[in-house]
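FYI, side chains are in, hydrogens and waters are out, and symmetry mates aren't considered; it's all heavy atoms of this structure. Labels below follow one simple rule: chain letters A, B, ... track the order of the sequence lines, proteins then strands, and each chain is numbered from 1.
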Number of protein chains: 2
Amino acid sequence: MGNRNRRGPYVCGIDAAMDVVSGKWKALILWELDHHGVRRFAELRRGLPGVSEKMLVQHLREMEDDGLVHREVYREVPPRVEYSLTGHGRSLNEALAPLGEWGRGRIGRIGAERLRVEAAR
Amino acid sequence: MGNRNRRGPYVCGIDAAMDVVSGKWKALILWELDHHGVRRFAELRRGLPGVSEKMLVQHLREMEDDGLVHREVYREVPPRVEYSLTGHGRSLNEALAPLGEWGRGRIGRIGAERLRVEAAR
DNA sequence: CTGCATCCTGAGGGATACTG
DNA sequence: CAGTATCCCTCAGGATGCAG
């Protein structure tokens with residue numbers, strides 16, 4: 001399964017943060033949970049179009065191990081599991097905010113460039 | 001060679017930023033160039049212990065394509081090439097700063113945890 | 001509904017040798 | 001010095017099927 005190797009030693013802070021955030025859907029999961037507060041498994045799945053069950057579970061488990069996500073299991077039938085961010089997870093999201101801002105600027109740049117290219121031909 | 005696919009469409013800013021930053025050494029290259037201002041190829045290589053020539057060149061080329069790095073070639077013998085950050089690259093570095101801070105905090109946390117574990121046995 | 005087990009692929013990355 | 005060119009391998013991630 002998800003092997004969860006690495007986890008240090010890290011050469012710098014970025015390195016440590018990237019180790020926790022890298023994974024195709026993790027940033028999105030972070031955003032989704034931060035935005036909605038609490039989400040069930042199926043809700044997350046719907047909120048992340050294209051994610052497979054396997055990757056969603058795997059990412060959630062790793063994020064739980066990393067102390068970013070809290071997993072609350074209700075022993076019912078049918079089963080219900082709710083995911084939410086821990087304080088640590090929320091702080092990561094805040095630290096990620098400027099990067100998101102930068103990325104949005106970059107998307108704008110690319111869009112503008114693309115428009116110029118298309119106009120040129 | 002480095003195929004450089006992706007580059008959008010992006011679902012959010014983080015997504016776009018991660019696309020540019022992911023790559024085992026990119027954050028470190030960013031930091032190295034920001035810290036030293038201008039670096040030659042061999043200097044970067046020495047500053048990133050463990051990087052292979054292939055990956056260093058590949059990452060630098062991609063970062064150049066992404067408008068983060070400026071590459072100045074001096075046609076001399078022996079050849080000299082100097083790398084530096086563009087304004088866009090410096091702005092990315094700034095956007096990365098809070099994440100680095102968060103990562104350093106996490107390293108501290110892990111260290112403390114490890115100490116507790118080692119003390120317990 | 002919320003997962004776990006399995007198999008498989010492809011891209012990212014390492015090692016090594018060669019060149020202008 | 002500053003790269004190219006090749007080969008190889010690992011492993012994140014996708015597809016599918018089964019289970020409590």
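- Under the 4.5 Å side-chain heavy-atom criterion for ILVMFWY residues, no single connected hydrophobic cluster contains both Met63(A) and Val38(A).
- Every pair tested for side chain to side chain donor-acceptor pair (under 3.5 Å) that includes a residue from residues 34-50 of chain B fails, sequence neighbours excluded, so the list is empty.
- Arg45(B) comes within contact range of no nucleotide atom at all, as no heavy-atom separation falls under 4.0 Å.
- As judged by a 4.0 angstrom heavy-atom cut-off over every strand, Tyr83(A) is placed among residues touching the sugar-phosphate backbone only.
- Arg71(A) comes within 4.0 angstrom of sugar-phosphate atoms only, judged by non-hydrogen atoms across all strands, and of no base.
- Among residue pairs with one or both ends in residues 88-119 of chain B, those qualifying as ring-ring contact (aromatic ring centres under 6.0 Å, His included) are His88(A)-Trp102(B), Trp102(A)-His88(B); sequence neighbours excluded.
- For the helix from dC1(C)-dG20(D) to dG20(C)-dC1(D), the rotation axes defined at the first and last 5 base pairs enclose an angle of 50°, given to the nearest 10°.
- More than 12 heavy atoms of other residues, nucleotides or ligands lie within 6.0 Å of CZ in Arg7(B), so this atom counts as buried by the packing criterion.
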Per-nucleotide protein contact along nucleotides 15-20 of chain D, 5' to 3', at a 4.0 Å heavy-atom cut-off (B base, S sugar-phosphate only, - neither), is B----B

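- Within the structure, every side-chain polar atom (N or O) of Arg40(A) is placed at least 4.0 Å from both OP1 and OP2 of dC1(C).
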List the steps and the verdict of side chain to side chain contact (heavy atoms under 4.5 Å, CB included) for Glu32(B) and Leu44(B).
-> CA-CA 7 Å; Glu32(B) 191 80 6; Leu44(B) 277 175; 3.6 Å; yes

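- The separation between Arg39(B) atom CZ and dC1(D) atom C1' is 15 Å, rounded to whole Å.
- The environment of CZ in Arg6(A) is crowded: more than 12 heavy-atom neighbours from other residues, nucleotides or ligands sit within 6.0 Å.
- Going from atom CD of Glu43(B) over to atom P of dG3(D) covers 13 Å, rounded to whole Å.
- Here dC4(C) presents its P atom at 10 Å from CD of Gln58(A), a figure rounded to the nearest Å.
- Under the side-chain contact (heavy atoms from CB on, under 4.5 Å) test applied with Leu92(A), the options Thr86(A), Leu85(A), Val21(A) reduce to a single match, Val21(A).
- Here Arg80(B) pairs with Glu82(B) in a salt bridge; the nearest charged N to carboxylate O distance falls below 4.0 Å.
- Taking atom CZ on Arg61(A) and atom C1' on dG13(D), their separation rounds to 17 Å, with Å as the unit.
- Side chain of Asp15(B) to main chain of Val11(B): a donor-acceptor pair is present (N/O by atom type, distance under 3.5 Å, no hydrogens or angles).
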Going by atom type alone, with no hydrogens or angles, which donor-acceptor pairs under 3.5 Å involve a side-chain atom of residues 22-29 of chain A and a protein atom two or more places apart or on another chain?
{"residue": "Ser22(A)", "atom": "OG", "partner": "Met18(A)", "partner atom": "O", "Å": "2.6"}
{"residue": "Lys26(A)", "atom": "NZ", "partner": "Glu62(A)", "partner atom": "OE1", "Å": "2.7"}

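- When the shell of 6.0 Å around CZ of Arg71(B) is examined, it contains more than 12 heavy atoms from other residues, nucleotides or ligands.
- The side chain of His59(A) places no N or O atom within less than 4.0 Å of a non-bridging phosphate oxygen (OP1 or OP2) of dA12(D).
- For Leu56(B) and dT4(D), the CG to P distance is 11 Å, given to the nearest whole Å.
- Classification of Asp66(A) and Arg61(A) as a salt-bridged pair fails, no side-chain N sitting under 4.0 Å from a carboxylate O.
- For the pair Met55(A) CE and dT2(C) P, the interatomic distance rounds to 19 Å; values are reported in whole Å.
- The CD-P distance, from Glu72(B) to dG3(D), rounds to 12 Å in whole Å.
- For DNA chain C, none of the residues of residues 12-28 of chain A falls under the heavy-atom distance limit of 4.0 Å.
- The CZ atom of Arg6(B) sits 11 Å away from the P atom of dG12(C) (whole-angstrom rounding).
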